[in-house]
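First up is the structure itself, then whatever we jot down about it.
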Amino acid sequence: MSYEREKQVAIDAAIAAAKLCQEVRREIPVAMEKIDKSPVTVADYGSQALICKALNAAFPEDAIVGEEDATDLRSNAEQLQKVTHHVQSLVPDATPEQVADWIDCGNGDVGGRFWTLDPIDGTKGFLRQDQYAVAIALIEDNEVKVGVMACPALKLESGEEGALFVAVRGEGATMQAISGGTVRSLQVVAADDVENMRFVESVEASHGDQSRQNAVAKAVGFTAESRRMDSQAKYGIVASGQAALYMRLPSPKTPDYRENIWDHAAGAIVVEEAGGRVTDMHGNSLPFGMGKKMVNNQGIVVSNGTIHDTVLKALQDS
Ligand SMILES: Nc1ncnc2c1ncn2[C@@H]1O[C@H](COP(=O)(O)O)[C@@H](O)[C@H]1OP(=O)(O)O
Ligand SMILES: [Mg+2]
Ligand SMILES: [Mg+2]
Ligand SMILES: [Mg+2]
């Protein structure tokens, strides 16, 4: 089956959401706190509203599983007004009620065919003026079929800021500037490309196990320091051959943490379609269609493929 329309709708939605996020980012965003203590901003809400509106209009039958919901916003008129103000730069006649309803379109259930989205992945990076991603994926029969990831703060080779990663199952992965222009097809690091045999990991030490990640990298022969970066942009770095490995091992401080599907779905297909491999730390493939959280999987290993088994072995031994 062709996913041409799904791909185009997701691209347009991600670009619109990225514009909203950049507008908020220029004003130095402030964080609100969610029940789980993690930060959320008006841009997270605005981005989810725009994406859900677009997906729902184009594919009314599809469920949407998004990170945010509008419960807190509905009881905070001032914040909802701020979110609506930003959404109005792209949808001029949007009302606060509509914005809240669009956000809540993301309360759908995992099923046979559904979308998952992270309106801002790496909110902590966004707040620090570092990297973040708008991530949208279509999942069907447990497998990611389409992935679109906008990284508005990521620099391209040309020096321009704002990268868009796109992948369709069986059709390869591409990268282009969010502003448009040449579409480049992506290829992971080749086995003999010593210069790019480096790894990426989170900026936030509490989102992984940096000491174990560094020990494993050393054991597989990496000599360069890791590149630390927020969000699923790390998948884009592996897909575009700028690093051979991304490790996300369970933090000893939060051993019960389980990964959410929207934090990995879009990035994973981009890497796989660029020729790489994505598994949990035990080598199992990631079950994107079973639930919002991947409850039976821990640790994420993303690689160029050729080094994957060596990394898994080094992990077992570590
Ligand atoms: N203890 C944890 N282990 C792994 N990931 C986490 C942990 N706590 C939060 N996260 C998630 O890490 C993601 C950001 O990753 P990165 O550090 O690579 O930028 C966020 O989606 C965040 O989820 P949440 O949205 O619930 O805050
Ligand atoms: Mg969050
Ligand atoms: Mg996230
Ligand atoms: Mg998020």
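In listed order, ligands and their atoms are each counted from 1. Since the structure is predicted, the reported quantities are computational estimates derived from the model, not experimental observations.
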query = Do any of the N, O or S atoms of D118 sit under 2.8 Å from the Mg ion (ligand 4)?
reply = yes
inquiry  = Once you measure the plane-to-plane angle for F199 and F222, does it fall in the parallel (<30°), tilted (30-60°) or perpendicular (>60°) bin?
reply    = tilted
Location of contacts on E67 toward ligand 1, heavy atoms closer than 4.0 Å = side chain
ask   = For the Mg ion (ligand 2), what is the closest N, O or S atom on E67?
value = OE2
query = Between H207 and S251, is any side-chain donor less than 3.5 angstrom from a side-chain acceptor?
reply = no
request  = Output the list of atoms in ligand 1 that are nearer than 4.0 Å to some heavy atom of D263, sorted by atom number.
outcome  = 21 (O)
request  = May I ask whether G125 has any heavy atom positioned less than 4.0 angstrom from an atom of ligand 1?
outcome  = no
query = With no hydrogens and no angle check, do the side chains of S179 and E160 hold a donor and an acceptor under 3.5 Å apart?
reply = yes
message = We want to know whether Y3 and Q8 form a side-chain donor-acceptor pair, criterion being a heavy-atom distance below 3.5 angstrom.
response = no
message = Need the ligand 1 atom indices (1-based, order shown) with element for anything under 4.0 Å from a heavy-atom of D230.
response = 19 (O)
inquiry  = Strictly under 2.8 Å, is the Mg ion (ligand 4) approached by any N, O or S atom of D121?
reply    = no
message = Tell me the contacting part of S38 for ligand 1: side chain, backbone, both, or neither, using a 4.0 Å heavy-atom threshold, strictly below.
response = side chain
remark   = S202 heavy atoms within 4.0 Å reach ligand 1 at atoms 16 (P), 17 (O), 18 (O)
remark   = Looking only at non-hydrogen atoms, the one of M229, E204, K34, K234 nearest atom 18 (O) of ligand 1 is K234
request  = Give the contacting part of D121 toward ligand 1: side chain, backbone, both or neither, where contact means a heavy-atom distance below 4.0 Å.
outcome  = side chain
inquiry  = At less than 4.0 angstrom from any non-hydrogen atom of S206, what atoms of ligand 1 do you find?
reply    = 1 (N), 2 (C)
query = Is there a donor in the side chain of S318 and an acceptor in the side chain of R212, or the other way round, less than 3.5 Å apart?
reply = yes
inquiry  = Checking side chain to side chain contact (heavy atoms under 4.5 Å, CB included) between L245 and each of N304, V216, V200, I307, which is the one that passes?
reply    = I307
inquiry  = Just by distance, no angles: are the side chains of Q213 and E201 close enough, under 3.5 Å, to form a donor-acceptor pair?
reply    = yes
ask   = So, N214 versus S211: side-chain donor-acceptor pair below 3.5 Å or not?
value = no
request  = Tell me which protein heavy atom sits closest to atom 1 (N) of ligand 1, plus the residue, atom name and distance to 0.1 Å.
outcome  = T254 OG1, 2.9 Å
inquiry  = Quick one about S2 and E4 (side-chain donor to acceptor, distance below 3.5 Å, no hydrogens or angles considered), yes or no?
reply    = no
request  = Identify, by atom number and element, the atoms of ligand 1 in contact range of S231, meaning under 4.0 Å from any of its heavy atoms.
outcome  = 16 (P), 18 (O), 19 (O)
ask   = Hey, is K124 touching ligand 1 through its side chain, its backbone, both or neither, going by heavy atoms under 4.0 Å?
value = neither
task = Scan side-chain atoms only and decide if S202 and R228 contain a donor-acceptor pair under the 3.5 Å cut-off.
result = no
remark   = The protein heavy atom nearest to atom 3 (N) of ligand 1 is Y257 CD2, 3.3 Å
inquiry  = Counting only nitrogen or oxygen atoms and a 3.5 angstrom limit, does Y246 reach ligand 1?
reply    = no
query = Is there a side-chain contact between Q298 and D280, using heavy atoms and a 4.5 Å cut-off?
reply = no
query = Where does Q232 meet ligand 1, judged by heavy-atom distances below 4.0 Å: at the side chain, the backbone, both, or neither?
reply = neither
message = Does R25 qualify as a cation-pi partner of Y132, given the criterion of NZ or CZ under 6.0 Å from the six-membered ring centre and within 45 degrees of its axis?
response = no
ask   = Counting backbone and side chain alike, does P119 bring an N/O/S atom below 2.8 Å of the Mg ion (ligand 4)?
value = no
request  = Verify whether one side chain among H264 and E259 offers a donor that lies under 3.5 Å from an acceptor in the other.
outcome  = yes
note = So for P250 against ligand 1, with non-hydrogen atoms under 4.0 Å, the contacting part is neither
query = Got the closest protein heavy atom to atom 17 (O) of ligand 1, with its distance?
reply = H207 ND1, 2.6 Å
note = atom 15 (O) of ligand 1 has as its nearest protein heavy atom R248 NH2, 3.0 Å
